Amino acid sequence: MQASTRLPPGLAIPAPVPAETLPPDTESYDVIVAGFGIAGGCAALEAARAGARVLVLERAASHGGTSSLSGGHFYLGGGTAVQQATGHQDTPEEMAAYLIATSKQPDEAKIRAYARGSVEHFGWLEALGFQFERSYFPGKAVIQPGTEGLMYTGNEKVWPFREQARPAPRGHKVPVPGDTGGTRMVMDLLRERVAEAGAEVRLETGAVALIAGQSGGVAGVAWKSFGATGHARSAAVILATGGFVMNPAMVERFTPALGSRLIALGTTYDDGLGIRLAQSAGAALDHMDEPFITAPFYPPSSLVTGLIVNKLGQRFVAEDSYHSRTAYHVLRQPGATAYLIVGSAHMAEQQMPLVPLKDGYDSIAEMEDGLGVPPGSLTATMSRYNARAAGGEDPDFGKHPDWLAPQDAGPWGVFDLSLGVALYAGFTLGGIRTSIDGEALRADGSAIAGLYAAGACASNIAQDGNGYCSGTQLGEGSFFGRRAGRHAARAAAGVRHRDE
Ligand SMILES: Cc1cc2nc3c(=O)[nH]c(=O)nc-3n(C[C@H](O)[C@H](O)[C@H](O)COP(=O)(O)OP(=O)(O)OC[C@H]3O[C@@H](n4cnc5c(N)ncnc54)[C@H](O)[C@@H]3O)c2cc1C
């Protein structure tokens, strides 16, 4: 186990406590779960249902974490009841093919397990005590405005992915209207089910260090609750403590883009402590440098027919991409500067909540001047785009015909998508390297006995903003959280059996 306290506080790795230093009467559980968000709640429920004695430690005064803030998209497919009821064909194979095509470094075993298990997982979530509405929202939006159960929340219809897997909508939204907070309903149900299953939950109690077992594994946690401290032994510890967007030192070290000119999406305890606890036991980390950053430029969806250019007056991304894919490419343009240009025929609504209207221009030459792009650049880009769009084609970026329309009638409205002008927001995606069952892994691929991780503190399917689809975090956190809970309970039963 590693022990280092010489790093700045935000990067400090808490030294593990040797198990042999604990008094004999130290309390003991089969499984300890740190964090009661979606991942920890699902892990605790499955472990308790499998017969384990479970203790959940939650640092905040309430269960829920960032999960409770979230809108409520779960990325699910392969033929769910909502997909079937709304006439959308999907199979686990198509879902896996899509996720493999869009992932930076696809972990095929995890993706296939997730896709194969998706319909069962949908049923398990509903059995918590709610139903996804059997309805479909056909427009482009960040999230369904009402309670519609299904919409496209990724790049399924975006080229080249639509040629690599048959597109299907997989963004299942919980039946709560609005953009944020929908998942609180699921978290409240999860709390009820966790209590029924007999797991003990301690609020305002955070894991602050791991207990190092004698064989190099993890054997429990040290905890802190206000001024009180203590230890609890366990055969397995599941870290489900969320991401690190609220830790400036970790953000600066791993994802500096999240520290500049944008809003950090998360809660106070998204400070990466769980990630550092796993490091203390020798766990490797994956995709730590990849944030999710976005500035959605819809609704209204008519604006998707426009074209996005950089400060050279050139297009660089298909405008019908999922918003974090568009943002990913904006951030890679000179000066992170980008403009969305829309002709008057598509400007019925002239305001977007997050992206300000820069100005209106009567001619393309005036627009080039106003935006400071090279003279003639927009004229060339727009005439090429308009000519092909009129024929329903976009040979440059493969924008889907549904969103192609010539922007040839002025005056033109220009929305400023540049970083620092549009309202960008983000959170972290990287975390603890894990096996398909949530075991924390060392750099050599070996599992650390007794240590698991799930949710935003772990690295699973969501790997970067370029391939992200809304619903992946809640989807994978709940799915792999359940797997971690079951595996930890089995491991704990093995330890009990050995000791009896
Ligand atoms: C506004 C918003 C909207 C979003 N919408 C969606 C969406 O629709 N779909 C989607 O998939 N994702 C969405 N996300 C992302 C998603 O909410 C998170 O990635 C996900 O909820 C993380 O779940 P988690 O269980 O890993 O962490 P959390 O839900 O944050 O839970 C972690 C818990 O651990 C606790 N904790 C931290 N440290 C300790 C410790 N040392 N000991 C004990 N407890 C500790 C925290 O207090 C917290 O309660 C959204 C995020 C935001 C902010």
Side-chain angles (χ1 to χ4, degrees), residues 14 32-44 55-76 142-144 151 153-154 170-174 176 178-184 186-187 190-191 201-210 221-225 232 237-247 263-278 291-292 294 296 324 425-429 431-432 438 453-462 468-481 484:
I32 294 178
V33 179
F36 197 160
I38 190 79
C42 292
L55 171 66
V56 182
L57 299 179
E58 169 51 58
R59 204 166 159 191
S62 161
H63 68 293
T66 298
S67 303
S68 274
L69 285 187
S70 67
H73 273 152
F74 286 77
Y75 195 80
L76 302 165
V142 179
I143 188 163
Q144 294 90 316
M151 68 177 267
T153 59
R170 303 192 180 97
H172 290 69
K173 186 195 179 188
V174 298
V176 180
D179 290 354
T180 52
T183 314
R184 168 159 289 285
V186 181
M187 293 310 304
L190 205 42
R191 178 182 56 176
V201 178
R202 280 187 213 158
L203 299 175
E204 298 181 311
T205 308
V208 290
L210 295 178
V221 300
W223 54 260
K224 184 168 187 296
S225 178
V237 172
I238 302 176
L239 297 169
T241 49
F244 62 90
V245 72
M246 294 302 179
N247 179 332
I263 292 180
L265 290 175
T267 42
T268 318
Y269 296 130
D270 284 333
D271 65 356
L273 176 53
I275 293 175
R276 289 176 283 127
L277 291 177
F292 166 94
T294 194
S324 79
F427 49 76
T428 60
L429 295 176
I432 303 158
C457 68
S459 175
N460 279 301
I461 290 177
Y468 190 79
C469 356
S470 184
T472 321
Q473 291 280 84
L474 293 174
E476 69 169 57
S478 50
F479 183 82
F480 290 107

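No experiment lies behind these values; they were computed from the predicted model shown. For reference, positions follow the sequence shown, starting with 1. When a ligand or atom number is given, it counts from 1 through the structure's own listing order.
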[atom]: the protein heavy-atom neighbour that sits closest, reported with distance to 0.1 Å:
atom                    : result
atom 15 (C) of ligand 1 : Phe427 CZ, 3.7 Å
atom 12 (N) of ligand 1 : Gln473 CB, 3.5 Å
atom 26 (O) of ligand 1 : Ala456 N, 2.7 Å
atom 13 (C) of ligand 1 : Ser70 CB, 3.8 Å
atom 21 (O) of ligand 1 : Ser67 OG, 2.8 Å
atom 37 (C) of ligand 1 : Thr241 O, 3.3 Å
atom 10 (C) of ligand 1 : Leu474 CG, 3.4 Å
atom 46 (C) of ligand 1 : Glu58 OE2, 3.4 Å

Mark yes or no for whether [X], through its side chain, and [Y], through its backbone, hold a donor-acceptor pair below 3.5 Å.
X      : Y      : result
Asp270 : Thr267 : yes
Lys173 : Gln144 : yes
Thr428 : Phe244 : yes
Thr153 : Ser470 : yes
Thr472 : Tyr468 : no
Ser67  : Gly65  : no

Do [X] and [Y] have side chains that approach each other closer than 4.5 Å (heavy atoms only, starting at C-beta)?
X      : Y      : result
Cys469 : Arg170 : no
Leu239 : Leu277 : yes
Phe36  : Met187 : yes

So if I count the atoms of ligand 1 from 1 in the order they appear, which ones are less than 4.0 Å from some heavy atom of [X]?
X      : answer
Ala39  : 25 (O)
Leu265 : 53 (C)
Gly455 : 26 (O)
Asp270 : 30 (O)
Gly64  : 29 (O)
Gly471 : 9 (N), 10 (C), 11 (O)
Ala207 : 40 (C), 41 (N), 42 (N), 43 (C)
Gly206 : 42 (N), 43 (C)

Ile38 versus ligand 1: do any nitrogen or oxygen atoms come within less than 3.5 Å of each other?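 Yes; at least one N/O pair falls below 3.5 Å.
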State whether the shortest distance between N or O atoms of Thr66 and N or O atoms of ligand 1 falls below 3.5 angstrom.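 Thr66 vs ligand 1: N/O contact under 3.5 Å present.
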Option of least heavy-atom distance to atom 34 (O) of ligand 1 (set: Gly182, Gly35, Gly431):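 Nearest heavy atom to atom 34 (O) of ligand 1 lies in Gly35.
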Could you name the option among Arg202, His73, His63, Arg59 that has the heavy atom nearest to atom 7 (C) of ligand 1?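 Nearest heavy atom to atom 7 (C) of ligand 1 lies in His73.
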Is it the side chain, the backbone, both or neither of [X] that has a heavy atom closer than 4.0 Å to ligand 1?
X      : value
Ala240 : backbone
Leu273 : side chain
Asp271 : neither
Tyr75  : neither

Parallel, tilted or perpendicular: ring planes of Phe292 versus Phe427, cut at 30 and 60 degrees: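 Judged by the thresholds at 30° and 60°, the geometry between Phe292 and Phe427 is parallel.
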With a cutoff of 4.0 Å, is Gly72 in contact with ligand 1, counting heavy atoms of the residue only?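 Heavy atoms of Gly72 do come under 4.0 Å of ligand 1.
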When you check the side-chain N and O atoms of Gln473 and His73, is any donor under 3.5 Å from an acceptor?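 Looking only at side-chain atoms, His73 and Gln473 do not form any donor-acceptor pair under 3.5 Å.
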Residue pair Thr183 / Ser70, side-chain donor-acceptor N/O under 3.5 Å: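 Distance-only check passes for Thr183 and Ser70.
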I need the single residue from Asp271, Thr241, Thr268 that forms a side-chain hydrogen bond (donor to acceptor under 3.5 Å, both in side chains) with Arg59. Which is it?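 Of Asp271, Thr241, Thr268, side-chain hydrogen bond (donor to acceptor under 3.5 Å, both in side chains) with Arg59 is met by Asp271 alone.
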Reported CH2-to-CD distance for the pair Trp223 and Glu204, which is rounded to 0.5 angstrom: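 Rounded to the nearest 0.5 Å, the CH2-CD separation comes out at 12.5 Å.
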